[in-house]
Amino acid sequence: QKEVEQNSGPLSVPEGAIASLNCTYSDRGSQSFFWYRQYSGKSPELIMFIYSNGDKEDGRFTAQLNKASQYVSLLIRDSQPSDSATYLCAVNQRASKIIFGSGTRLSIRP
Amino acid sequence: GAVVSQHPSWVICKSGTSVKIECRSLDFQATTMFWYRQFPKQSLMLMATSNEGSKATYEQGVEKDKFLINHASLTLSTLTVTSAHPEDSSFYICSARPTSGRAKSYNEQFFGPGTRLTVL
């Protein structure tokens with residue numbers, strides 16, 4: 001089992017709709033969870049982090065965490081073409097390492 | 001704020017040569033820096049954790065004698081790919097975790113722009 005799992009996609013969503021990205025992790029001791037956006041050929045940029053169960057909202061983005069189910073998700077409301085990118089879920093493990101999932105490719109169609 | 005630079009941004013070298021990549025935190029101090037490698041259409045794979053003033057901690061399967069890491073100051077870590085071969089061609093990305101005060105989350109890392117290495 002991979003430490004951090006994501007559906008590779010591509011996930012195609014019409015402009016203006018809600019994009020839902022999911023991630024599961026294997027280490028129950030994980031404490032911090034991150035969503036990064038990566039455009040092709042560029043390094044990742046942090047969108048959201050969350051460490052408490054429940055929802056955390058920042059603008060059009062909402063991160064959701066369920067530690068019992070070892071599940072974290074990212075919702076993007078009012079999707080824009082500029083949101084088209086690969087979204088990486090990352091999980092903080094012990095010894096402060098952050099492990100990345102393989103990423104989900106999101107495509108917003110006009 | 002919280003800017004991390006990498007140099008060079010891209011490099012092409014011949015097989016058998018060594019290449020040094022620098023990672024600098026420009027406006028903060030970083031006790032810990034991380035080196036990742038990313039192959040096309042794959043995720044970031046952590047290679048090693050670099051701690052200022054001590055030896056780096058390498059992930060399983062990463063050859064410490066091939067990928068030399070030096071973290072001599074709180075703002076600079078270097079990765080040297082020794083005797084590079086075509087299979088080492090990849091996108092190398094560093095990240096830095098602020099010593100204090102700059103991150104919104106304890107484990108937040110700030111990423112450099114990456115270095116694309118091509119070994120002929």
Side-chain angles (χ1 to χ4, degrees), chain A residues 2-11 21 23-25 27 29-52 56-59 61 63 65 72 85-107, chain B residues 1-7 9-10 21 23-25 30-52 54 56-60 62 90-99 102-118:
Chain A
K2 289 184 181 177
E3 293 173 285
V4 181
E5 292 208 51
Q6 294 180 256
N7 188 319
S8 63
L11 175 65
L21 303 162
C23 172
T24 58
Y25 59 95
D27 185 354
S30 301
Q31 297 179 345
S32 304
F33 307 86
F34 304 84
W35 282 100
Y36 286 86
R37 177 175 61 199
Q38 186 177 27
Y39 294 110
S40 181
K42 303 294 185 183
S43 63
E45 55 179 320
L46 181 67
I47 298 175
M48 297 274 298
F49 67 88
I50 186 169
Y51 38 75
S52 300
K56 180 181 178 182
E57 187 175 318
D58 184 0
F61 300 96
L65 174 62
V72 58
T86 296
Y87 288 80
L88 302 170
C89 172
V91 175
N92 152 241
Q93 293 191 333
R94 284 171 281 269
S96 298
K97 290 196 307 185
I98 292 184
I99 303 299
F100 285 82
S102 57
T104 298
R105 237 173 352 117
L106 175 65
S107 175
Chain B
V3 179
V4 176
S5 70
Q6 277 185 244
H7 178 80
S9 55
W10 59 270
I21 303 170
C23 176
R24 291 183 187 273
S25 55
T31 305
T32 304
M33 292 184 174
F34 303 87
W35 286 97
Y36 295 86
R37 180 168 53 181
Q38 186 176 36
F39 293 107
K41 298 192 187 303
Q42 295 186 24
S43 190
L44 280 73
M45 297 300 297
L46 180 64
M47 299 175 67
T49 302
S50 168
N51 293 298
E52 186 265 338
S54 63
T57 303
Y58 289 82
E59 294 301 301
Q60 193 172 9
V62 178
S90 187
F91 192 43
Y92 290 85
I93 307 173
C94 74
S95 69
R97 191 170 72 216
T99 302
R102 296 303 299 273
K104 298 173 190 173
S105 163
Y106 170 69
N107 278 309
E108 183 175 357
Q109 300 175 18
F110 298 96
F111 282 86
T115 296
R116 189 160 301 284
L117 170 64
T118 302

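Basis for what follows: all heavy atoms, side chains included, without hydrogens, waters or symmetry-related copies. To find a chain, count down the sequence lines: A is the first, B the second, and so on, and within it residues start at 1.
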Ranked by heavy-atom pairs below 4.5 Å to chain B, first place among Glu45(A), Arg105(A), Gln6(A), Gln38(A) goes to Gln38(A)
Note: vs chain B, highest number of non-hydrogen pairs under 4.5 angstrom among Ser40(A), Gly41(A), Ser8(A), Ala90(A) is Gly41(A)
Applying a strict 4.5 Å limit to non-hydrogen atoms, the region of Glu59(B) in contact with chain A is side chain
Applying a strict 4.5 Å limit to non-hydrogen atoms, the region of Ile93(B) in contact with chain A is side chain
In this structure, CD of Glu5(A) is separated from SG of Cys89(A) (nearest 0.5 Å) by 10.5 Å
Checklist entry - What class does the angle between the rings of Phe49(A) and Phe34(A) fall in, given that below 30° is parallel, 30 to 60° is tilted and above 60° is perpendicular? => result tilted
**Message:** Angle between ring planes, Phe111(B) versus Tyr36(A), binned at 30° and 60°: parallel, tilted or perpendicular?
**Reply:** perpendicular
Thr32(B) versus Asn51(B), side-chain donor and acceptor atoms under 3.5 Å: yes
